[in-house]
Peer 1: 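This is the structure I want to talk about, given as structure tokens.
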Amino acid sequence: MTMDLFSQFAPSTSFGIPLILLAMLVPWLLFPSYSGHWISNRLLTSQNWFLTTFTKQIFLPLNSPAHKWAFLLTSLMAFLLSMNLLGLLPYTFTPTTQLSINLGLALPLWLATVLVGFRNQFNHSLAHFLPEGTPTPLIPVLIMIETISLFIRPLALGVRLTANLTAGHLLIHLISSAVSAIFSLSPTVSMLTFAVLILLTILEIAVAMIQAYVFVLLLSLYLQENT
């Protein structure tokens, strides 16, 4: 039973090629491309509105040097959002339920924000490790705590995204299995459970969107500290 529950998170292979690569490539193929017409269609207009609104929401509080990251973080948001939502469809695979994928996204981007801070404002970045006015006996302890909190950030980013999506997929799997199992015993209870499943699916759609936004938002806050 345990293996059946977690087998949905095991990436499959076909002809020796990991299908997780296909799952990560498909979202980019689904985005509409710009045409040569002067007037865009509704899909392109909606996409432009979403990307513009998101970019303003994220980068409005940031300084001008951080605006260079607009294209990268907006693309990351669209990438995570599309993968999270497509993973809720039947017979699909969600790459963001893999901790290795999420850490592979979080670690380089977090490290880039830290390196930007040390390059542009070295003294200010070092000052984060030791608040002003710290008593002398607490200096080693505070430096150790701040160092641990700094290095745990990419791990927290990856684990948060993985845990939320994995928990939602497991709940959907368990409740959908319960619907089919008890239908022959009590159709009424089965229909009520199915209603709960619909509500849970709507909640998971919201979670998929929120977690993609939170991932990029935290990266922007790390960037704000270092610019």
Peer 1: Quick check: does any side chain N or O of T52 sit under 3.5 Å from a backbone N or O of W49, one acting as donor and the other as acceptor?
Peer 2: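 No, T52 side chain to W49 backbone: no donor-acceptor pair under 3.5 Å.
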Peer 1: Does I182 belong to the same Ile/Leu/Val/Met/Phe/Trp/Tyr cluster as L197, with side-chain heavy atoms less than 4.5 Å apart forming each link?
Peer 2: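 I182 and L197: separate clusters.
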Peer 1: Roughly how far, to the nearest 0.5 Å, is CG of L81 from CZ of F54?
Peer 2: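 Here the interatomic distance stands at 9.5 Å.
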Peer 1: Going by heavy atoms in the side chains, are L88 and H169 under 4.5 Å from each other?
Peer 2: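 Yes, side chains in contact.
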Peer 1: Taking atom OG of S180 and atom CD1 of I175, what is their separation to the nearest 0.5 Å?
Peer 2: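 The distance works out to 12.0 Å.
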Peer 1: Do T96 and T162 pass the side-chain contact (heavy atoms from CB on, under 4.5 Å) test, and can you show the C-alpha distance, the side-chain angles, and the key distance before you say yes or no?
Peer 2: CA-CA 6 Å; T96 44; T162 303; over 6 Å; no
Peer 1: Locate the shortest heavy-atom distance separating A208 from L85; write the atom from each residue and the value.
Peer 2: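 In this case the closest contact between A208 and L85 is CB-CD2, 3.9 Å.
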Peer 1: Going from CG on L217 to CD1 on I210, what distance comes out if it is rounded to the nearest 0.5 angstrom?
Peer 2: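 Rounded to the nearest 0.5 Å, the CG-CD1 separation comes out at 12.0 Å.
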Peer 1: Can you name the nearest heavy-atom pair linking T55 to A70, along with the distance?
Peer 2: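 That closest heavy-atom pairing would be CG2-CB, 4.2 Å.
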Peer 1: Looking only at heavy atoms, which two atoms of L157 and A106 are closest? And how far apart?
Peer 2: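 For L157 and A106, the tightest heavy-atom pair comes out as CB-CB, 3.8 Å.
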Peer 1: Would a single hydrophobic cluster contain both V196 and V207, if residues Ile, Leu, Val, Met, Phe, Trp and Tyr are joined by side-chain heavy-atom contacts under 4.5 Å?
Peer 2: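 Looking at the clustering, V196 is in the same group as V207.
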Peer 1: Quick one, F215 and R160 - any side-chain contact, counting heavy atoms below 4.5 Å?
Peer 2: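 Side chain of F215 against side chain of R160, heavy atoms only: no contact under 4.5 Å found.
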Peer 1: For F194, is the CZ atom crowded, meaning more than 12 foreign heavy atoms sit under 6.0 Å from it?
Peer 2: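 Result for CZ/F194: open.
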Peer 1: State, to 0.1 Å, how close S220 and I58 come at their nearest heavy-atom pair, and which atoms those are.
Peer 2: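 The answer is CB-CG2, 3.7 Å.
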Peer 1: Hydrophobic cluster membership, with links at side-chain heavy-atom distances under 4.5 Å among I/L/V/M/F/W/Y: are L103 and L105 in one?
Peer 2: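 Not linked; separate clusters.
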Peer 1: Would you confirm whether S190, through its side chain, and S186, through its main-chain N or O, come within 3.5 Å as a donor-acceptor pair?
Peer 2: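 Judged by distance alone, no pair lies under 3.5 Å.
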Peer 1: Can you find a heavy atom in the side chain of L109 that is under 4.5 Å from one in the side chain of L76?
Peer 2: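 With C-beta onward as the side chain, the pair touches.
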Peer 1: Whether the side chain of Q121 engages the backbone of N226 through a donor-acceptor N/O pair (distance < 3.5 Å, no angle test) should be reported.
Peer 2: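 Here the side-chain-to-backbone pair exists.
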Peer 1: With no hydrogens and no angle check, is any side-chain donor or acceptor of N102 less than 3.5 Å from a backbone partner on L161?
Peer 2: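 Side chain of N102 to backbone of L161: no pair is present.
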Peer 1: L73 versus F59: any side-chain heavy-atom pair under 4.5 Å?
Peer 2: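 They are in side-chain contact.
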Peer 1: Within a reach of under 6.0 Å around CG of L221, are more than 12 heavy atoms found that belong to other residues, nucleotides or ligands?
Peer 2: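 Above 12, so yes.
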Peer 1: Would you check if M83 and T94 make a side-chain contact, meaning some heavy-atom pair closer than 4.5 Å?
Peer 2: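 Contact flag for M83/T94 side chains = no.
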Peer 1: Given side chains that start at C-beta, do those of F50 and T74 come closer than 4.5 Å, heavy atoms only?
Peer 2: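 No, too far: nothing below the 4.5 Å cut-off.
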Peer 1: Is the number of heavy atoms from other residues, nucleotides or ligands within 6.0 Å of CD (Q57) greater than 12?
Peer 2: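 Incorrect, the count does not exceed 12.
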Peer 1: Taking atom types as modelled, is there a side-chain donor on T166 or T97 under 3.5 Å from an acceptor on the other?
Peer 2: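 Looking only at side-chain atoms, T97 and T166 do not form any donor-acceptor pair under 3.5 Å.
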Peer 1: Going by heavy atoms in the side chains, are L219 and W69 under 4.5 Å from each other?
Peer 2: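 With C-beta onward as the side chain, the pair stays apart.
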Peer 1: Given 3.5 Å as the limit, does a donor-acceptor pair link the side chain of T113 with the main chain of Y222, or not?
Peer 2: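 Checked: no pair found.
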Peer 1: Is it true that V214 and L99 fall in one hydrophobic cluster, defined by side-chain heavy atoms closer than 4.5 Å?
Peer 2: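 Different hydrophobic clusters.
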Peer 1: If I compare all heavy atoms of A212 with all of N84, which pair ends up nearest, and what's the gap?
Peer 2: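 For A212 versus N84, the nearest heavy atoms are CB-ND2, 3.9 Å.
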Peer 1: From I143 CD1 over to I148 CD1, what is the distance, rounded to the nearest 0.5 angstrom?
Peer 2: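 One finds 12.0 Å between CD1 of I143 and CD1 of I148.
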Peer 1: Compare all side-chain heavy atoms of L80 with those of M77 and state whether any distance is below 4.5 angstrom.
Peer 2: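 A side-chain contact is absent here, since even the closest heavy-atom pair is not under 4.5 Å.
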Peer 1: Please confirm whether the backbone N or O of E146 pairs with a side-chain atom of S149, one donor and one acceptor, at under 3.5 Å?
Peer 2: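 Checked: pair present.
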Peer 1: Are V189 and L185 linked, directly or through other ILVMFWY residues, by side chains that come within less than 4.5 angstrom of each other?
Peer 2: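 The answer is no; the residues belong to distinct hydrophobic clusters.
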Peer 1: Can you name the nearest heavy-atom pair linking E204 to I172, along with the distance?
Peer 2: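 That closest heavy-atom pairing would be CG-CD1, 3.7 Å.
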